[in-house]
Amino acid sequence: DAGITQSPRYKITETGRQVTLMCHQTWSHSYMFWYRQDLGHGLRLIYYSAAADITDKGEVPDGYVVSRSKTENFPLTLESATRSQTSVYFCASTPDWAYNEQFFGPGTRLTVL
Amino acid sequence: KQEVTQIPAALSVPEGENLVLNCSFTDSAIYNLQWFRQDPGKGLTSLLLIQSSQREQTSGRLNASLDKSSGRSTLYIAASQPGDSATYLCAVRGGQNFVFGPGTRLSVLP
């Protein structure tokens, strides 16, 4: 499928478990992003990547790890999930930082029990 | 630190009305501003992107303006329809971050 996809769409896990959320885009966009969306906080940037093997922290990076070995994939890992990480996670991509639209995936709803 | 606010938080209008959604930001050093809509339980759909050098952008019934010096953008929706019901978010892109506003929840009543 063309565009940006996320998997799984829904995930329930327990406190302390490792969870990986996947993001895949077919446009070969250079930049990819992970956001979380919470009531009362809106969308907040967790991490972003400018290219393969280049990542940087956003506003709320603690408790998350990212990697980008291939341009099209940008997985987000919660190494030891906490209840405060219950949220909806969105992946996004754009060709460049300054001039083009950002496109979003459908989201992953994560519940940490 | 960039802060983005949106007024009103919620808006309910009868079908056919023209309406304006507002977005304000505190740091005028931005590359661009993007408007999105989000339907319940869904991802974000891009509506319009305005570069910092532009004053407005139009797409169909939507018109977005940008006044960078005053830190304001407006999204004008003409002849609103029930299908326009959604949450509308603005996002500003600065040097090192993307910052989203909290959104305006719009309901267009038939």
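Naming: A, B, ... by sequence-line order, numbering from 1 per chain. In this text, all values refer to a predicted model and were calculated from it rather than measured experimentally. Below, each value reflects all heavy atoms present in this structure, side chains not excepted, and no hydrogens, waters or symmetry copies.
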- request: Check whether more than 12 heavy atoms from other residues, nucleotides or ligands sit under 6.0 Å from atom CD1 of A:Ile12, and answer yes or no.
  value: no

message: With clusters defined by side-chain heavy atoms of hydrophobic residues (ILVMFWY) lying less than 4.5 Å apart, directly or transitively, does B:Leu48 cluster with B:Leu21?
response: yes

- prompt: What do you reckon, is CZ of B:Arg61 surrounded by more than 12 foreign heavy atoms closer than 6.0 Å?
  reply: yes

- request: Determine the minimum heavy-atom distance between B:Arg93 and A:Glu101, stating which atoms define it.
  value: NH2-C, 4.0 Å

query: Taking atom CZ of A:Arg9 as the centre, does the number of heavy atoms from other residues, nucleotides or ligands within less than 6.0 Å exceed 12?
result: yes

task: Flag yes if B:Phe36 and A:Ile4 sit in one hydrophobic cluster, no otherwise; membership is Ile, Leu, Val, Met, Phe, Trp, Tyr, and two members link when side-chain heavy atoms are under 4.5 Å apart.
output: no

- prompt: Which residues, numbered in order, of residues 78-87 of chain A come under 4.5 angstrom of chain B by heavy-atom distance?
  reply: none

- prompt: Taking all atoms of both residues into account, what is the closest heavy-atom pair of B:Gly94 and A:Trp97, and its distance?
  reply: O-NE1, 2.7 Å

message: When you group the ILVMFWY residues by side-chain heavy-atom contacts below 4.5 Å and let the links chain together, are B:Leu66 and B:Trp35 in the same group?
response: yes

- prompt: Can A:Val88 be reached from A:Phe33 by stepping across I, L, V, M, F, W or Y side chains whose heavy atoms are under 4.5 Å apart?
  reply: yes

query: Of all the residues in residues 6-17 of chain B, which have a heavy atom that comes within less than 4.5 Å of a heavy atom in chain A?
result: none

field: Within residues 105-113 of chain A, residues adjacent to chain B where the heavy-atom gap is under 4.5 Å
entry: A:Gly105, A:Pro106

message: If I measure from the heavy atoms of chain B, does A:Gln37 come under 4.5 Å with its side chain, its backbone, both, or neither?
response: side chain

query: Which members of residues 41-69 of chain A, sorted by number, sit under 4.5 angstrom from chain B on a heavy-atom basis?
result: A:Leu43, A:Leu45, A:Tyr48, A:Glu59

field: A:Tyr99, part contacting chain B, at a heavy-atom distance under 4.5 Å
entry: both

- request: Say whether B:Phe100 and B:Leu49 are linked into one hydrophobic cluster, either directly or through other cluster members, by side-chain heavy-atom distances under 4.5 angstrom.
  value: no

- request: Examine whether an atom of B:Leu89 lies under 4.5 Å from a heavy atom of chain A, and if so say whether it belongs to the side chain, the backbone or both; otherwise answer neither.
  value: side chain

- request: Measure distances from B:Gln38 to the heavy atoms of chain A and classify the residue's part below 4.5 Å as side chain, backbone, both or neither.
  value: side chain

query: Do you know which two heavy atoms are closest between B:Tyr31 and A:Ala98, and how far apart they sit?
result: CD2-CB, 3.5 Å

